[in-house]
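Notes to accompany the following structure.
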Amino acid sequence: MQIEAVLAGFGGQGVMLAGKILAQTGMMLGKEVVWLPSYGPEMRGGTANCTVIISDEPIASPIIPHPRDAFVMNRPSLEKFVPMMRPGGVAVINTSLITVKPERDDVKVVNVTANKIAMEVGSAKSSNMVMLGAYVGATDVVPFDALMKEAKKAFQKKAKLASINIKCLEQGYKLGQAARAGH
Amino acid sequence: MQIEAVLAGFGGQGVMLAGKILAQTGMMLGKEVVWLPSYGPEMRGGTANCTVIISDEPIASPIIPHPRDAFVMNRPSLEKFVPMMRPGGVAVINTSLITVKPERDDVKVVNVTANKIAMEVGSAKSSNMVMLGAYVGATDVVPFDALMKEAKKAFQKKAKLASINIKCLEQGYKLGQAARAGH
Amino acid sequence: MAKVLMKGNEAIGEAGIRAGGLCYFCYPITPQSEVAEYLSRRMPDVGGSFLQAESEVAVSNMLYGAAGAGVRAWTTSSSPGISLMMEGLSYIAAAELPAVLINIVRCGPGLGGILPSQCDYFQAVKGGGHGDYRCMVLAPSSVQEAVDLIPLAFDRADRYRNPVIVIGDGMIGQMMEPVEFKEHKFPPLPPKDWATTGCKGRKRNVVNSLYLDPIEEEKLNMKLVAKYEQMKREEVRYEEYNTDKPYQALLVAYGTTARICKTAIQQLVLEGITVALLRPITLFPFPEKKIQELARQAEWLMSVEMSTGQMVEDVRLAVGHDRPVYFFGRTGGVVPTPEEIRDAVKKHLTGKGV
Amino acid sequence: MAKVLMKGNEAIGEAGIRAGGLCYFCYPITPQSEVAEYLSRRMPDVGGSFLQAESEVAVSNMLYGAAGAGVRAWTTSSSPGISLMMEGLSYIAAAELPAVLINIVRCGPGLGGILPSQCDYFQAVKGGGHGDYRCMVLAPSSVQEAVDLIPLAFDRADRYRNPVIVIGDGMIGQMMEPVEFKEHKFPPLPPKDWATTGCKGRKRNVVNSLYLDPIEEEKLNMKLVAKYEQMKREEVRYEEYNTDKPYQALLVAYGTTARICKTAIQQLVLEGITVALLRPITLFPFPEKKIQELARQAEWLMSVEMSTGQMVEDVRLAVGHDRPVYFFGRTGGVVPTPEEIRDAVKKHLTGKGV
Amino acid sequence: MKTIFKRPESLTLTPMHYCPGCTHGIIHRLVAEVLDELDLRERTVGIASVGCSVLSYNYFNCDMQEASHGRAPAVATGIKRARPDLIVFTYQGDGDLASIGMAEIVHAANRGEKFTVVFVNNTVYGMTGGQMAPTTMPGQVTTTTPRGRDVDDIGYPVRMCEILASLRTPGFIERVAANTPQHIIRAKRAIKKAFQYQVEGRCFSFVECLSTCPTNWGLSPYKATQWLEENMVPYYPLKNFKTPEESEEGGKNAD
Amino acid sequence: MKTIFKRPESLTLTPMHYCPGCTHGIIHRLVAEVLDELDLRERTVGIASVGCSVLSYNYFNCDMQEASHGRAPAVATGIKRARPDLIVFTYQGDGDLASIGMAEIVHAANRGEKFTVVFVNNTVYGMTGGQMAPTTMPGQVTTTTPRGRDVDDIGYPVRMCEILASLRTPGFIERVAANTPQHIIRAKRAIKKAFQYQVEGRCFSFVECLSTCPTNWGLSPYKATQWLEENMVPYYPLKNFKTPEESEEGGKNAD
Amino acid sequence: MARQTQVTIDKNRCKGCELCVHACPKHVLAMSKEINDKGYFYSEVVNPDDCIGCCFCAITCPDVAIEVAVGDNKDRGE
Amino acid sequence: MARQTQVTIDKNRCKGCELCVHACPKHVLAMSKEINDKGYFYSEVVNPDDCIGCCFCAITCPDVAIEVAVGDNKDRGE
Ligand SMILES: Cc1ncc(C[n+]2csc(CCOP(=O)(O)OP(=O)(O)O)c2C)c(N)n1
Ligand SMILES: Cc1ncc(C[n+]2csc(CCOP(=O)(O)OP(=O)(O)O)c2C)c(N)n1
Ligand code: SF4
Ligand code: SF4
Ligand code: SF4
Ligand code: SF4
C-alpha cells in the first residue's frame with residue numbers, strides 16, 4: 001500500500017514541517033517514506049508545498065502528478081492541488097482562509113477552521129498542526145500515537161510552543177475522526 | 001613531385017617573408033602550395049621558421065617532420081632543423097652568423113655569407129633575399145625569373161628597398177648556381 | 001548507525017564531510033544550494049574549509065588549487081553551473097588532480113528549469129570540456145545510494161588522480177529519505193607525493209597541463225587513456241533487476257528513472273509480461289559488456305531517460321545492430337510515470353514502434 | 001575571382017565578412033588570433049562591428065545579445081576558449097539563436113599545446129554544454145573549403161535558428177594556401193520577426209530560455225529534436241574518395257587528417273592495396289547512412305583521428321558489430337604521417353590487430 | 001478627475017511574482033515610467049538577468065532578452081554593438097552583477113558601452129533562497145553565513161559604485177534607494193538621467209538601487225525598509241559618484 | 001672577493017625563454033630574491049598564469065602550479081584555503097589579470113585572501129602576439145588596434161591598483177616599475193613588503209609592476225624602458241595605494 | 001484638503017505588504033480584515049477625506065496597485 | 001674606485017639586450033663584436049677599473065647573467 005499526500009499553503013504556515021513530521025512518523029514505523037518539497041522560483045509567490053509518500057514497498061517516482069490526498073491551507077493551494085487529486089482521496093481544507101468550495105464530488109472533503117482553532121488553543125502559528133491532526137484523523141495513514149511521539153520530538157526544544165502544538169494536533173485529530181465517522 | 005623546405009632564423013631576419021615569396025611563386029606557376037609558419041610560445045625565444053611545400057599534386061600533411069631542404073640563418077636553426085632533413089636534400093647555411101658545421105654528410109651544403117653580402121649590397125636586412133636566391137639557385141625548385149617577378153611585386157611599395165632586395169636575390173642566386181655546379 | 005530522515009542535499013553534505021572532503025567550494029544554484037547551506041554550518045565544527053566563491057568558474061579553479069595542494073576538494077552545482085566549470089575540469093583532468101564534482105542536474109539547455117532531468121549525460125560522460133579526457137561518473141538512484149557512493153568517489157578520485165562526477169537530479173537533492181551513514185573501507189592510497197605542499201626536503205613539484213613538445217603531450221594523452229582503460233576493467237558498477245528469470249525485454253535506466261522503471265516492471269509482471277532492468281551505477285565506465293551479455297536473452301532493449309536520448313547511444317554502442325534498441329524519454333522536468341513506461345514497453349511488445 | 005595566397009585565419013576572416021558576418025566578437029588565443037587581427041583592420045572598412053571582449057565567457061554572451069537583435073554574429077576561438085563558451089552556447093541553442101562559432105582546435109586537455117588536434121569532436125558534436133541541444137558542425141579540410149563552408153554556416157544558422165560550429169585546426173588556421181572567394185547563393189531566408197529590435201508596430205519579442213512549466217520546457221526540447229532530425233535528413237555532407245572502385249577497407253577521417261589519409265591511400269594503391277575514404281564534412285549531422293552503405297563493401301573500417309578516439313564512436317554507432325571498426329590516432333599535436341596510416345592499414349590487412 | 005498617478009504603459013498588466021513588499025516592483029515601475037516619459041518603449045531592449053527579477057521579461061512592456069547569470073552587460077554589449085540605434089538596459093541583482101558578473105560589468109563600464117544598468121542591491125541571493133551575496137553586510141546572517149558574515153574571513157561588502165567610479169572612462173554612476181517615498185522620487189530622477197545619457201550617446205550609465213528582500217531578511221516589508229535605512233545606507237552612501245561632465249574635466253586635469 | 005650580487009637560490013638554473021630585454025626576467029629575480037631573503041622557498045607555492053610567463057614554473061625554484069587563463073587568484077585561494085600554512089603567490093600578466101581574470105582578482109582582494117599577487121603590466125598580450133590588453137595606452141597600436149586604441153570606442157586603460165584600492169577590505173597595494181635600476185630597487189622593496197604581510201597573515205597583498213614588451217612594442221629593449229617611463233608612468237602613477245594599517249584606521253573612521 | 005483626490009487600490013493586485021499604509025502621511029489607508037482572491041489582507045482607503053494627493057502610497061506600492069486622481073475643478077484655480 | 005670590484009657576465013646567458021650597458025653609470029660594459037652560442041652579441045666588461053660596484057648592471061639584467069663581487073681586503077676598512 002502506498003499513500004501520497006500533498007501539503008500546501010503560504011510560506012510560513014508550516015506545511016513543510018507538518019510534512020516532515022508525517023514522514024518521520026512513517027519512517028519510525030518501518031515504512032518506506034519520501035518527503036519532497038516544491039523548490040525554486042515558484043516559492044517566490046509566497047506559496048509552499050510538499051509531498052509525503054508512505055509505502056510498504058520501495059518507492060518509485062517521488063514526483064506524484066496525482067496524489068491521493070491533499071491538505072490545503074490557502075486558496076491558491078486549493079485551486080492548484082485539489083483538481084489533481086485521485087478520485088477517492090481525502091482533501092483537508094482550511095476553511096479559516098478558504099471560502100470557496102472545491103469543485104470535486106469524487107473526493108472526501110474535511111473542512112477545518114484551522115486558524116480559528118489554533119488561535120483558541122493559543123497560537124495562530126499552530127494551524128498546521130490542526131490540519132495535520134485532522135488529516136491523520138480522517139485517514140489513519142499512521143497511528144495517532146506514533147504521530148504524537150514524533151511531533152513531541154520535533155518540538156522538544158521549544159517547550160512553550162510544544163504544548164500548544166500538541167493540543168492543536170489533538171483537536172485536529174478529533175475533527176478528522178469525526179468527519180471520517182460522519183460519512 | 002613535391003619539395004618541402006624549412007626556412008628558419010631569428011625573428012626579424014625575414015624568413016617568413018622569404019617563404020611567402022617562394023610559395024607565391026609556386027602558386028603563380030600553377031602548382032599546389034602550402035606555407036606553414038611555426039606559431040605560438042616557441043616564438044618567444046626569438047626564433048622563427050616556416051615550411052614551404054610546392055607540389056604537382058594536392059598536398060597532404062602540411063606538417064613535415066622531415067623536410068627535403070633547409071635554409072638556416074642562425075645557429076639554433078641549424079641545430080634544430082638540419083638533423084631533421086631527408087638525405088639528399090639541400091641545406092643553405094648563413095655562414096655570416098653560423099660558425100659551426102652541420103654534422104651531416106648525406107645532404108648538400110651550400111654556404112652563403114648572407115649578412116656580409118647583403119651589407120655590401122646596401123642593407124643587412126636583406127640577407128634573407130640572399131639566402132632565398134641561393135636556395136633557388138642551388139635547387140631550381142622554381143624558375144628564377146618567376147621568383148624575381150613575385151619578389152618585385154612583394155617589394156613594390158617600398159621602392160628603395162626593392163632594388164637592394166632584388167640585387168641580393170640575384171647575388172644569392174649566382175652563389176647557389178655556382179655551388180650546384182661545383183658538385 | 002540508525003537511520004535518519006534527511007534531505008538528499010544535506011545527506012550529500014554530511015557524506016562529503018565523512019569521506020574527508022574538508023575543502024568545499026561552491027556557488028549557489030537550485031536545486032542543490034542546501035548542500036552549501038548545510039556545509040556552511042557544519043564545516044567550522046569539523047575544522048574544514050567552506051567557501052562560497054564568486055562563480056562556478058572560480059570554483060573549478062579553486063578545486064584545482066586545493067586538489068593540487070593535496071587536499072580532498074569538492075563542489076556541488078547544477079547544470080549551467082557545471083557548464084561554467086568545463087575549462088577548469090579539463091585542466092583538472094589534464095593535471096591529473098583528484099576532485100569530486102556533484103551535479104544535481106536540472107533541465108536544459110539554457111536557463112531551462114529546475115526540475116529533475118538527465119540531460120547532462122553527454123556532458124558528464126563524453127567530456128564537455130576540450131580535449132581527450134574522461135571523468136569517472138557515478139549515478140545514485142536514492143539518497144542512501146548517494147551517501148554510499150560519495151566515499152567511493154573521493155577514493156577513486158585519489159586513486160586514479162582523476163575527477164569523479166556524481167550525477168543526481170532535483171529529486172535526489174530535494175527529497176528526504178531515510179539514510180544510514182555506513183563505514184566505508186578502502187585499500188590504502190599511495191602518498192600524494194606530487195602535491196604542491198612546499199618543497200622542503202624533496203625536489204620541487206609542479207602541477208601543470210602545458211606541453212610544448214607534442215611527443216610529451218601525446219605521452220600524457222596515452223597515460224590518460226591507460227587510466228580510462230583500467231577504469232573500464234575494474235570500476236564498472238551496475239544493478240540487475242529481474243534478470244534472474246527469463247525476460248522478453250531489457251530496460252536500461254539510471255538514477256531516479258531506474259526507480260520508476262522498477263515500478264513499471266512490477267506492473268508488467270502483474271500482466272504476465274516479463275521485463276528486466278539493467279541500472280548502470282557507473283555511467284563511465286559504462287557497463288557495456290554486461291549489457292551485451294544480458295541483451296542476448298532479450299528480444300529488444302529500451303533506454304529510459306529524462307532526456308531526448310543520450311545514454312541510448314552507449315547502449316547502442318554496446319549491442320550494435322544485434323538487437324533493436326528503443327528509446328523512451330521525457331524531458332523538461334516531466335518525470336515519466338511508471339504507467340507511461342509500462343505502455344511504452346507494451347507498444348513494442350505488440351510490434352508497434354514508438 | 002582569381003586565386004590569392006592567403007593564411008587560413010585571414011581567409012576565414014574575409015569569408016566571414018563576405019557572408020555578412022558583420023558583428024564579430026573575440027578573445028585572442030593561439031592558433032587563431034590572426035582572424036581577430038585581420039578583422040580589426042577590415043571591419044571598420046565594411047561598416048561592421050569588431051570587438052575584443054574581456055573573455056570568451058563574455059564573447060558567447062555578446063553573440064547571444066547580437067544574434068538576439070537579429071544581426072549575423074560570430075566568433076573564432078580555440079579549445080580552452082571554446083570550453084568557456086559552453087554555458088553561453090547552451091543558452092544560444094535554447095533561445096534558438098543563430099550564431100557561428102569557429103573552433104581552431106588545439107591540443108588538450110587543459111592548457112595543452114597549440115599544435116593541430118581533433119580532440120574537441122565530442123564537445124562539438126555531443127554538446128559540451130548542459131542540456132539536450134546539438135550544434136550543426138562543419139569540418140573543412142583545406143583553407144579553400146573553410147572559405148566555402150563559412151557562408152553555408154551563416155545560412156544554416158539563420159535557417160535553423162541554431163548555432164553552427166566550424167571546426168578546424170592549427171594547420172588550417174596558420175597555413176597559407178591559394179584560395180578563391182566564390183559567390184554563394186542560398187534560397188531566401190524567413191524574416192527574423194522574433195528578434196529584439198524594438199517593438200514598434202508589433203507585439204514585443206522576448207529572447208529567453210527559462211521555462212517554469214515542465215510541459216513548456218518539454219515542448220521546446222521536442223522542437224529542438226525536430227530541428228536536429230531535419231538536419232539529419234537534409235544537411236548531411238561528405239566526400240567520397242576511391243569508393244568508385246572495389247576496396248578492401250574504408251577509412252573515415254575528417255579535416256586535415258582526411259588529406260593525409262588520401263596520400264596514404266595513394267601510397268597503398270601503388271602496393272596494390274585498395275582502400276577508400278569517407279570524409280564527413282558535417283560531423284553533426286553525421287553521414288551515418290552513407291557509412292553504413294559503404295561499409296557493406298568493406299572488410300573493415302578504420303577511423304583516423306588526431307585524438308585518442310572520438311569520432312570512432314559515431315562510426316561504430318553507424319555500422320554496429322557488422323564490420324570491425326578499428327581506430328588509428330595520434331594526439332598531442334603529433335600529426336600522423338601518411339606512412340603511419342599506411343602501415344596501420346597494412347597491419348589490419350595481415351590480420352594483426354593494433 | 002485627472003489621474004496623476006497610474007500604471008506606466010511600459011509595464012505589462014501581468015501581476016508580478018515578487019514577494020509581498022519586495023521593492024523590486026517599485027524599481028520596475030520607475031524604469032517603466034522613465035521609458036514612458038522619454039518615449040523609448042518602442043525602441044528599447046531590456047535584459048532580464050538571473051535572479052528574482054529573471055521574470056521581468058514578463059513585466060517590462062518592451063522587447064526583452066533574458067541573459068545568463070551575471071552576463072547581462074555582455075549581452076547588452078552584443079545588442080548595442082550590433083544595433084547602436086536601440087536603447088538597451090540591463091536589470092541585475094547583486095549576486096548577478098557583483099559576484100559572478102564582476103568582470104562583465106567592470107569591462108562594460110570601462111569600455112564606456114552606451115547602455116544603462118539598473119543594479120538592484122538587496123544584500124542577498126534572493127531567488128536561490130537567501131545565500132550570502134558579495135554585498136551582504138558585516139555580521140548579516142544568511143543561509144550560507146549562519147554565524148553572520150565574518151569580514152576577517154571573507155572581507156567587506158563590495159561597493160559597486162565606488163569600484164566603477166574609480167575607472168577613468170567617463171560614465172554616470174549614482175546610488176539611490178527604494179525604501180521610502182523620498183528616496184524613490186530621487187531614484188527615479190537618477191534612472192531618468194541615466195537613460196538620457198544613453199539617448200544622447202554620451203556614456204555608460206549605472207544606477208545602483210538599494211532594495212529590500214523581506215523574505216530572506218526574515219522581516220516584515222516595512223521593517224525591511226527600516227533595516228535598509230539603518231544598516232545599508234551608512235555603508236552604501238546614497239549619492240552621485242560620477243557624471244560624464246566631471247569625468248571629462250577631471251580627465252583633462254588628472255592625466 | 002665577496003659576492004654582492006648573485007643568482008638567487010629561488011631561481012632555477014634554467015635559462016629563461018623571454019625575448020631579449022623583456023623585463024619579465026627582472027621581476028622573476030626580484031620575487032626569487034625576496035623568497036630567499038625571507039627564507040620562504042621551501043614552503044611556497046607559486047602560480048604561473050597563462051601568458052608569456054606561463055613557463056615561470058620552470059624558473060621559480062619552489063613548488064608551482066600552472067593556472068588556467070585569468071584564474072590564478074582562484075587557484076591561489078584554493079591552495080591557501082586548503083593549506084593556510086603555505087606561502088602562496090600568483091604571477092600574472094595584464095591580459096590574464098585585468099581582462100579575463102577581473103572577477104577573480106577583485107573577489108580575492110575583496111575577500112582579503114592572504115596571498116601575494118605579482119601583476120606584470122606590459123600593456124599588451126605578449127604571448128599571443130601583441131593584441132590589445134585592457135591596459136593598452138590610448139592611441140597605442142597593437143595587432144587588434146591597428147589604428148591605435150580609440151578611447152571613445154573601447155574606453156581608457158584599466159588601472160588595477162586604483163580599482164583594488166577602492167575596496168573596503170584591508171590590503172597592501174602598490175605600483176612599481178622594472179625599467180630602471182632605481183625603480184627596480186623600489187619594486188623589490190614593495191614585493192618584499194607584500195610577502196611580509198602574507199607571512200604575518202595580515203592581508204591580501206598586490207604589487208603591480210610596469211614592464212616592457214620590446215617585441216610587441218616594436219622597440220629595442222632600452223627604448224622600451226624609455227617608452228614605459230614616458231607613456232606609462234604618467235598614467236599609471238608609481239606609489240603605494242593602500243596598506244592594511246591605513247585601511248584599518250580608515251575603516252574605523254569611515255564606516 | 002484643498003483639492004478633491006481619489007486613491008483607487010486594485011484589491012486583487014494588492015499583496016498586503018502594508019508599505020502604503022506606512023507611507024501615507026495622513027493615515028488614509030489601512031489593511032482590510034478580509035482577504036482578496038490571492039489570500040492577502042489588502043489595503044483599503046479608510047479616511048478618503050484626509051488625502052492630500054501626495055501619491056506616496058502609489059509611489060511605494062511594489063505591485064503598482066494604486067492609482068491616484070485629483071479633482072479637475074478644484075485644480076484649475078491653482 | 002676605492003674598492004676592487006669584479007663584474008662577471010655569463011656570456012651564454014646573455015641575450016644581448018644592452019640594458020646593462022645603458023644602466024651602468026660608469027660605462028664599464030659594452031657589447032661584443034662576437035656572438036655567443038645562442039647567436040647573440042653579448043655584453044662584456046670593457047672598463048673594469050671604472051666599476052664602482054653599484055650593481056646596476058646586474059639589477060637590470062633580465063637574464064640574471066651578471067654577478068658582482070667586491071674585494072674583501074679593501075672593504076674591511078669601511
Ligand atoms: C551559472 C549559474 N549559477 C547559479 C545560478 C543560480 N542562481 C539563480 S538566481 C541567483 C542569484 C540571484 O541573486 P541576485 O542577483 O542577488 O538577485 P535577487 O534574486 O536577490 O534579486 C543564482 C546564484 C544560475 N542560474 N546560473
Ligand atoms: C581561455 C583562454 N583564452 C585565451 C588564451 C590565450 N592566451 C594565452 S596568453 C594570453 C594573454 C597573455 O597576455 P598577458 O596576460 O598580458 O601576459 P604577457 O604574455 O603579456 O606576459 C592569452 C589570451 C588561453 N590560453 N586560454
Ligand atoms: S526573495 Fe527577496 S528579492 Fe526575491 S522576490 Fe522575494 S523579497 Fe524580493
Ligand atoms: S613577447 Fe613581450 S612579454 Fe613576452 S617574452 Fe617577449 S618581450 Fe616579454
Ligand atoms: S503597497 Fe501595494 S501591495 Fe502593499 S499593501 Fe499597499 S496596495 Fe497592497
Ligand atoms: S642585461 Fe643581461 S642579457 Fe642584457 S645585455 Fe646585459 S648581460 Fe646581456
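What you see is a predicted model, and the numbers here were worked out from it, not measured in a lab. In what follows, chains are A, B, ... by sequence order, proteins preceding strands, each numbered from 1.
For chain E, the nearby part of D:S55 is the side chain; its heavy atoms alone come within less than 4.5 Å. For D:R72, no part lies under 4.5 angstrom from a heavy atom of chain E. Neither the backbone nor the side chain of E:V106 comes within contact range of chain D; no heavy atom of the residue lies under 4.5 Å from a heavy atom of that chain. Both the backbone and the side chain of D:A58 come within less than 4.5 Å of a heavy atom in chain E.
With chain E as the partner, the residue from D:A53, D:G70, D:A66 showing the most heavy-atom pairs under 4.5 Å is D:A66. Counting heavy-atom pairs under 4.5 Å between each of E:E66, E:Q65, E:H107, E:M64 and chain D puts E:Q65 at the top. With respect to chain D, the highest number of heavy-atom pairs below 4.5 Å among E:A74, E:P73, E:A76, E:A108 belongs to E:A74. Of the listed residues (D:N205, D:V71, D:V59), the one with the most heavy-atom contacts under 4.5 Å to chain E is D:N205.
Using a distance-only test at 3.5 Å, with no hydrogens or angles considered, no donor-acceptor pair links the side chain of E:T144 to the main chain of E:Q131. No donor-acceptor pair closer than 3.5 Å links the side chain of E:R175 to the backbone N or O of E:E162. Judged by distance alone, the side chain of E:W217 and the main-chain N or O of E:T123 form no donor-acceptor pair under 3.5 Å.
Pairing each heavy atom of D:A93 with each of D:L224, the nearest pair is O-CD2, 3.9 Å. Residues E:G126 and E:C52 approach most closely at C-SG, 3.6 Å, considering heavy atoms. Nearest heavy atom pair, residue E:Y18 against residue E:S56, reads OH-CB, 4.1 Å.
D:L84 places none of its side-chain heavy atoms less than 4.5 Å from the side chain of D:Y27.
For the 3.5 Å distance criterion, the side chains of D:Q52 and D:S40 fail to qualify, holding no donor opposite an acceptor. At a cut-off of 3.5 Å, with distance as the only test, no side-chain donor of D:T75 or D:S77 sits close to an acceptor on the other residue. In the model, D:Y91 has no side-chain atom that pairs as donor or acceptor with a side-chain atom of E:H69 under 3.5 Å.
Checked against D:L101 for a side chain to side chain contact (heavy atoms under 4.5 Å, CB included), the options D:V137, D:V164, D:I167, D:L89 give a single hit: D:L89.
Below 30°, between 30° and 60°, or above 60°: for D:F284 and D:Y228 the angle between ring planes is above 60°, a perpendicular geometry.
Checked for salt-bridge contact, D:E10 and D:R41 meet the test: a charged N lies under 4.0 Å from a carboxylate O.
Contacts between residues 186-200 of chain D and chain E, defined by a heavy-atom separation under 4.5 Å, are made by D:A195, D:T196, D:T197, D:G198, D:C199, D:K200. For residues 82-102 of chain E, heavy-atom neighbours of chain D at less than 4.5 Å comprise E:A82, E:R83, E:L86, sorted by residue number. Within residues 30-46 of chain E, the residues having any heavy atom under 4.5 Å from a heavy atom of chain D are, by residue number, E:R41, E:E42, E:R43, E:T44, E:V45.
A cation-pi arrangement is present between D:R18 and D:F181, with the terminal nitrogen or guanidinium carbon under 6.0 Å from the aromatic centre and inside a 45° cone about the axis.
Under the ring-ring contact (aromatic ring centres under 6.0 Å, His included) criterion, the residue pairs touching residues 62-90 of chain D are D:Y24-D:W74, D:W74-D:F154, with sequence neighbours excluded.
Atom CD of E:E200 sits in a crowded spot, with more than 12 heavy atoms from other residues, nucleotides or ligands closer than 6.0 Å.
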message: Between D:E54 and D:M62, is the side-chain contact (heavy atoms from CB on, under 4.5 Å) condition met? List the steps.
response: CA-CA 11 Å; D:E54 60 270 34; D:M62 290 176 184; 3.6 Å; yes
